[in-house]
Number of protein chains: 2
Amino acid sequence: MNNKVISDISEKLREKECKFTSRREHILKVLLENKGKHLCAEEIYNLVKQKAPDVGIATVYRTLELFQEFDIINSMDFGDGRKRYEFGGVEGMNHHHHHLICTKCGAITEVNEDLLEELENRVSKQYDFNITNHQLKIFGICRKCV
Amino acid sequence: MNNKVISDISEKLREKECKFTSRREHILKVLLENKGKHLCAEEIYNLVKQKAPDVGIATVYRTLELFQEFDIINSMDFGDGRKRYEFGGVEGMNHHHHHLICTKCGAITEVNEDLLEELENRVSKQYDFNITNHQLKIFGICRKCV
DNA sequence: GTCAGTGCAAATCTTTTGCATAGCT
DNA sequence: AGCTATGCAAAAGATTTGCACTGAC
């Protein structure tokens with residue numbers, strides 16, 4: 001299943017004259033294998049290093065930026081001073097994206113349903129705003145920390 | 001009106017053995033005078049410098065952190081690599097907090113109604129999660145950029 | 001062969017920290 | 001006096017950039 005995803009993305013890059021190098025493939029695989037984990041650049045770097053020990057962290061950053069431009073991944077920030085990245089689906093439609101953030105233990109839970117459609121319709125009309133994406137962070141105390 | 005707010009906050013700090021110094025007052029005033037503008041630390045620093053030329057940027061950062069601990073302000077990140085700050089109301093209940101972010105011109109529009117109550121009720125039950133706050137960022141193209 | 005991709009090290013940018021001094025109470 | 005607040009400069013941490021080399025096509 002991941003193979004299909006990887007070859008789709010490979011093609012997507014090639015179409016725009018970008019190469020799908022082994023470095024980029026390794027980085028993509030790490031992201032695919034850690035869906036929902038919100039890795040930061042350095043964590044990705046460390047994981048990629050296990051497979052390809054001679055990568056540089058600059059390549060990781062450059063590749064993550066590239067993947068963002070291609071809507072392959074999304075970046076987010078949970079307030080700890082580093083960007084975190086998440087695989088965003090092949091279609092680029094990453095519109096189902098809510099996170100519960102426990103302010104006590106820091107656990108992040110994904111909410112995978114898209115619950116904002118009505119709200120978006122209202123806002124879109126009221127503000128004459130052409131919505132392409134959204135991010136909802138919900139802060140609170142998780143069940144374990146009560 | 002702002003005077004009431006300022007004296008309330010002054011008291012709030014004193015209660016917890018913190019001083020409400022002239023530096024802190026200047027910083028608070030800048031935040032009050034720029035509600036809805038999402039200033040970053042350096043912008044605040046520059047504005048405060050006009051009134052009190054000998055402040056240091058470290059004080060600005062330290063004060064912003066203090067204000068956050070007291071729930072006087074909120075910090076957020078719009079993806080440009082710096083934290084941005086916003087006055088959060090005296091009651092600390094800053095629960096009406098949505099932003100429309102134009103991905104073309106970068107304009108940020110505030111949506112002041114809280115539109116998430118039903119959604120929160122559902123999520124809260126389903127995930128056994130005790131919600132204290134939320135942040136919603138809606139990305140898209142604003143009316144001027146269409 | 002050509003041009004994009006990459007590693008390394010240095011540079012940049014934001015934020016934090018250490019320390020000696022200033023200023024409330 | 002005693003303790004917090006502050007300015008300055010240095011440090012830290014994340015990310016970006018310059019440059020020479022590598023590797024895909």
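Lettering of chains follows the sequences in order, A, B, ..., and the numbering in each one begins at 1.
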Between P of C:dT14 and CD of B:E43, the distance in whole Å: 10 Å
Does any non-hydrogen side-chain atom of B:N46 lie less than 4.5 Å from one of B:Q50? no
Using atom names, set out every protein N or O paired with an N or O of nucleotides 23-25 of chain D below 3.5 Å, distance rounded to 0.1 Å.
from   : atom 1 : to    : atom 2 : distance (Å)
D:dC25 : OP1    : A:R14 : NH1    : 3.0

Not counting sequence neighbours, list each pair that qualifies as a salt bridge (Lys or Arg N to Asp or Glu O under 4.0 Å) and has a residue in residues 55-68 of chain A. none
Please list, chain by chain and in numerical order, all residues satisfying side-chain hydrogen bond (donor to acceptor under 3.5 Å, both in side chains) with A:R143, sequence neighbours excluded. none
Whole-Å distance separating the OH atom of A:Y45 from the P atom of D:dA14: 13 Å
To the nearest angstrom, how far is B:L64 atom CG from C:dT14 atom P? 15 Å
Which atom names give the shortest non-hydrogen contact between B:G140 and A:T132, and what distance separates them? CA-OG1, 3.5 Å
Between atom CG in A:L66 and atom C1' in C:dT6, what is the gap in whole Å? 13 Å
Just how far, in rounded Å, is C1' of D:dT15 from CG of B:D77? 14 Å
Quick one: side-chain hydrogen bond (donor to acceptor under 3.5 Å, both in side chains) partners of B:K49, sequence neighbours excluded? B:Y45
For A:F20 and A:I6: C-alpha separation, side-chain torsions, deciding distance, then whether side-chain contact (heavy atoms from CB on, under 4.5 Å) applies. CA-CA 10 Å; A:F20 190 66; A:I6 290 170; 3.8 Å; yes
For residues 75-84 of chain A, which residue pairs qualify under salt bridge (Lys or Arg N to Asp or Glu O under 4.0 Å), counting only residues two or more places apart or in two chains? A:E43-A:R84, A:D80-A:R84
Looking at A:H98, A:H38, A:K35, which one forms a side chain to side chain donor-acceptor pair (under 3.5 Å) with A:E110? A:H38
Kindly give the atom pairs (protein nitrogen or oxygen, nucleotide nitrogen or oxygen) under 3.5 Å for nucleotides 15-17 of chain C.
from   : atom 1 : to    : atom 2 : distance (Å)
C:dT15 : OP1    : B:K83 : N      : 2.9
C:dT15 : OP2    : B:Y61 : OH     : 2.3
C:dT15 : O5'    : B:Y61 : OH     : 3.2

To the nearest Å, how far apart are A:D54 CG and C:dC8 C1'? 12 Å
I need the CG-P distance between A:D80 and D:dG13, as an integer number of Å. 14 Å
Short side-chain N/O contact from B:R23 to OP1 or OP2 of C:dG23, under 4.0 Å: no
Roughly how far, to the nearest 0.5 Å, is the CZ atom of A:F87 from the CG atom of A:L31? 8.0 Å
Could you tell me the separation between the CZ atom of A:R24 and the P atom of D:dT22, rounded to a whole number of Å? 19 Å
